[in-house]
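Here the structure is laid out as structure tokens; the discussion comes afterwards.
Per chain, numbering begins at 1; letters A, B, ... match sequence-line order.
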Protein chains: 2
Amino acid sequence: MATGRTHRPATRSRGIPEATVARLPLYLRALTALSERSVPTVSSEELAAAAGVNSAKLRKDFSYLGSYGTRGVGYDVEYLVYQISRELGLTQDWPVVIVGIGNLGAALANYGGFASRGFRVAALIDADPGMAGKPVAGIPVQHTDELEKIIQDDGVSIGVIATPAGAAQQVCDRLVAAGVTSILNFAPTVLNVPEGVDVRKVDLSIELQILAFHEQRKAGEEAGAGADGAVPPVAARKQPHSTDQGPDGDVPAVMPA
Amino acid sequence: MATGRTHRPATRSRGIPEATVARLPLYLRALTALSERSVPTVSSEELAAAAGVNSAKLRKDFSYLGSYGTRGVGYDVEYLVYQISRELGLTQDWPVVIVGIGNLGAALANYGGFASRGFRVAALIDADPGMAGKPVAGIPVQHTDELEKIIQDDGVSIGVIATPAGAAQQVCDRLVAAGVTSILNFAPTVLNVPEGVDVRKVDLSIELQILAFHEQRKAGEEAGAGADGAVPPVAARKQPHSTDQGPDGDVPAVMPA
DNA sequence: CCATCTTTGTGCACGCGTTCACAAAGACAT
DNA sequence: ATGTCTTTGTGAACGCGTGCACAAAGATGG
Ligand SMILES: NC(=O)c1ccc[n+]([C@@H]2O[C@H](COP(=O)([O-])OP(=O)(O)OC[C@H]3O[C@@H](n4cnc5c(N)ncnc54)[C@H](O)[C@@H]3O)[C@@H](O)[C@H]2O)c1
Ligand SMILES: NC(=O)c1ccc[n+]([C@@H]2O[C@H](COP(=O)([O-])OP(=O)(O)OC[C@H]3O[C@@H](n4cnc5c(N)ncnc54)[C@H](O)[C@@H]3O)[C@@H](O)[C@H]2O)c1
């Protein structure tokens with residue numbers, strides 16, 4: 001079991017702020033679209049609008065990469081596409097393994113967005129023996145036993161976990177032990193990894209809960225502020241579901257102190 | 001510019017910082033696990049470890065909700081579960097529509113994590129007429145024509161978009177026009193929405209690119225001055241397996257020059 | 001070559017988020 | 001009651017990210 005520390009120390013990645021790194025793929029996507037339309041240059045204002053960000057922020061982001069713009073004109077689209085691609089490491093090929101080929105894993109395997117950049121699905125791995133050999137998205141699923149061999153043979157450094165939550169940590173440990181140093185985790189679990197290993201998580205449930213919070217707030221404000229004038233969001237019934245087991249477990253609003 | 005209608009100031013969610021809201025689901029998950037094991041109380045230190053965050057941060061987060069802890073003891077698990085659930089709006093039922101029942105949409109429909117909290121799949125919607133009536137995860141897929149009716153009848157305020165990128169904005173517009181005010185977007189596009197509508201996006205491609213960036217940095221540091229930079233990237237052409245003649249898919253890849 | 005106009009690149013201020021450190025609050029023992 | 005011990009709740013410092021505003025750079029036209 002992993003016993004090491006978990007937190008990533010805000011990684012100052014060679015002077016490029018983390019927030020900027022997270023936006024580079026966004027710029028790259030907008031630039032790629034422009035490139036396809038053979039647009040030669042683009043101003044920070046236009047590109048920012050396409051990427052959905054502030055133009056000053058975009059210029060500052062680019063300033064971390066260098067001075068690739070021309071004052072009075074803007075940025076050369078093709079050149080910028082190349083520079084960002086290189087900065088992100090997309091000019092090289094990244095073999096990726098997906099572990100857990102269920103509903104989600106199969107969808108990921110079929111996802112074209114993988115291959116569209118430098119990412120290549122090196123292998124699909126599942127613990128279910130009945131699945132071994134079965135092709136998904138044209139790639140035969142391999143058994144978990146092969147995991148270490150595949151990773152070492154193909155030099156895989158990026159792993160995607162799409163197993164049930166209960167298996168995620170165990171899978172993670174095996175991936176790391178075999179040499180994987182970047183993990184994209186779809187299972188709703190906090191992964192424990194040694195230092196030097198990056199973990200990013202995608203958690204659908206959390207996203208929905210955040211939306212629900214704001215949704216509730218919106219409904220509450222409207223209802224409380226004035227008479228429902230506009231289209232009532234119709235949050236409908238306010239039925240406390242489940243959570244029903246406490247003898248007096250859910251004591252409503254009784255503040256201590 | 002100078003229109004008073006810039007992006008929402010955000011962060012003013014009833015005094016609770018946005019960063020805190022984003023962590024509440026994390027705490028809730030950890031607390032739920034403790035609750036299932038019938039653990040009565042938990043200290044900030046223990047809970048923070050389970051949620052993968054700093055204990056001081058956790059205490060400050062909880063302080064925004066109120067003083068729910070007992071000094072010298074910790075937090076009452078059941079009580080805290082209830083308080084966070086209520087704060088997030090999970091004590092009520094949230095009907096959700098999923099639009100675009102392809103690989104990803106079907107996986108989402110099958111995802112148990114939806115129903116585990118207050119979220120209920122109200123409808124599955126797809127533009128493909130051949131799909132209408134076909135059951136996915138026990139729910140019959142309905143045609144896009146029904147979209148407005150479903151949203152209004154069920155009082156749906158949260159929509160999930162899992163269509164190809166080219167259709168996302170159009171679907172988004174229809175959702176918003178019909179009354180949806182929160183959108184979870186899986187398509188790799190910047191959605192344009194009127195004020196008052198919340199959009200959160202989940203972008204797998206971006207996550208991978210961020211991982212690749214750090215991966216490259218790690219490799220570069222070890223190997224010293226890398227020699228790459230002019231390596232011709234593999235122009236992996238996206239191979240859409242789209243079974244229908246729908247609108248174009250994702251952003252096709254273009255090789256940087 | 002000079003003037004003008006456009007747009008970049010960035011200094012600076014500000015606000016949010018994180019973390020430390022500790023006094024206060026309460027549990028528990030005597 | 002009193003003292004000790006544990007843990008919360010938070011004041012304060014700090015760092016990061018954001019956006020404004022503008023000088024400098026370069027294109028363009030005369
Ligand atoms: N389906 C979704 O839309 C969705 C969304 C968000 C998160 N998730 C999460 O993603 C994960 C997968 O979801 P799913 O719907 O695809 O589940 P699933 O049950 O359909 O698939 C899980 C797969 O993992 C395999 N597996 C189990 N243990 C394994 C192990 N130790 N090693 C390798 N493979 C193993 C199983 O054989 C199965 O094929 C879950 O953790 C889920 O919570 C799913
Ligand atoms: N598959 C993945 O793992 C994955 C991961 C991340 C993002 N995405 C994105 O999610 C989206 C869906 O991916 P997918 O793999 O499921 O694609 P898909 O082609 O399998 O499914 C798309 C579905 O949307 C339907 N559709 C098309 N236009 C529509 C419209 N106007 N209204 C309603 N339905 C419409 C199609 O009929 C099809 O069933 C894409 O934008 C993709 O980039 C997918």
Write down the distance between [atom1] ([X]) and [atom2] ([N]), rounded to a whole number of angstrom.
X	N	atom1	atom2	result
B/Glu45	C/dT19	CD	C1'	13 Å
A/Asp76	C/dT7	CG	P	16 Å
B/Arg59	C/dA21	CZ	P	13 Å
B/Glu46	D/dT7	CD	P	8 Å
B/Leu58	C/dT19	CG	C1'	14 Å
B/Asp61	C/dT18	CG	P	7 Å
A/Leu47	C/dT6	CG	P	20 Å
B/Glu18	C/dC16	CD	C1'	12 Å

(request) Can you tell me which residue pairs pass the side chain to side chain donor-acceptor pair (under 3.5 Å) test with a partner in residues 164-173 of chain B, sequence neighbours excluded? (result) B/Gln169-B/Asp173

(request) Could you list the residues that satisfy salt bridge (charged side-chain N to carboxylate O under 4.0 Å, His left out) with B/Arg200, not counting sequence neighbours? (result) A/Glu207

(message) I'd like to check the salt bridge (charged side-chain N to carboxylate O under 4.0 Å, His left out) partners of B/Arg86; sequence neighbours left out, ordered by chain and number.
(response)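 If we apply the salt bridge (charged side-chain N to carboxylate O under 4.0 Å, His left out) test to B/Arg86, skipping adjacent residues, there are no hits.
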
Between [X] and [N], does any side-chain N or O lie under 4.0 Å from OP1 or OP2?
X	N	answer
B/Arg23	C/dT18	yes
B/Ser44	D/dT8	yes
B/Asn54	C/dC20	yes
A/Lys57	D/dG19	yes

(request) Please work out if A/Tyr75 contacts a base, only the sugar-phosphate, or nothing of the nucleic acid, heavy-atom cut-off 4.0 Å. (result) sugar-phosphate

(request) Nearest-nucleotide wise, let me know which of B/Phe62 and A/Ala19 is further upstream toward the 5' end of DNA chain D. (result)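 Looking at the nearest nucleotide for each, B/Phe62 comes out on the 5' side.
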
Could I get a table of every N or O pair under 3.5 Å where one atom is in the protein and the other is in nucleotides 24-28 of chain D?
from	atom 1	to	atom 2	distance (Å)
D/dA24	N3	A/Arg71	NH1	2.8
D/dA25	O4'	A/Arg71	NE	3.4
D/dA25	O4'	A/Arg71	NH1	3.4

(message) Using only atom types and a distance under 3.5 Å, with no angle test, would you say the side chain of B/Thr32 pairs donor to acceptor with the backbone of B/Leu28?
(response)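 Yes, B/Thr32 side chain to B/Leu28 backbone: donor-acceptor pair under 3.5 Å.
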
(message) Once side-chain contact (heavy atoms from CB on, under 4.5 Å) is applied, do any residues pair with A/Ala56, and if so which ones, sequence neighbours excluded?
(response)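 Checked A/Ala56 against side-chain contact (heavy atoms from CB on, under 4.5 Å); matches are A/Asn54, A/Arg59.
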
(request) Can you check whether any acceptor in the base of D/dG19 is under 3.5 Å from a donor in the side chain of A/Lys60, or vice versa? (result)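 Yes, a donor-acceptor pair under 3.5 Å.
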
(request) List in chain and number order the residues that pass ring-ring contact (aromatic ring centres under 6.0 Å, His included) with A/Tyr27, two or more places apart in sequence or in another chain; answer none if no residue qualifies. (result)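 Checked A/Tyr27 against ring-ring contact (aromatic ring centres under 6.0 Å, His included); matches are A/Phe62.
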
(message) Between B/Ser182 and B/Asp198, does the side-chain hydrogen bond (donor to acceptor under 3.5 Å, both in side chains) criterion hold? Intermediate values first, please.
(response) CA-CA 5 Å; B/Ser182 285; B/Asp198 281 307; 4.5 Å; no

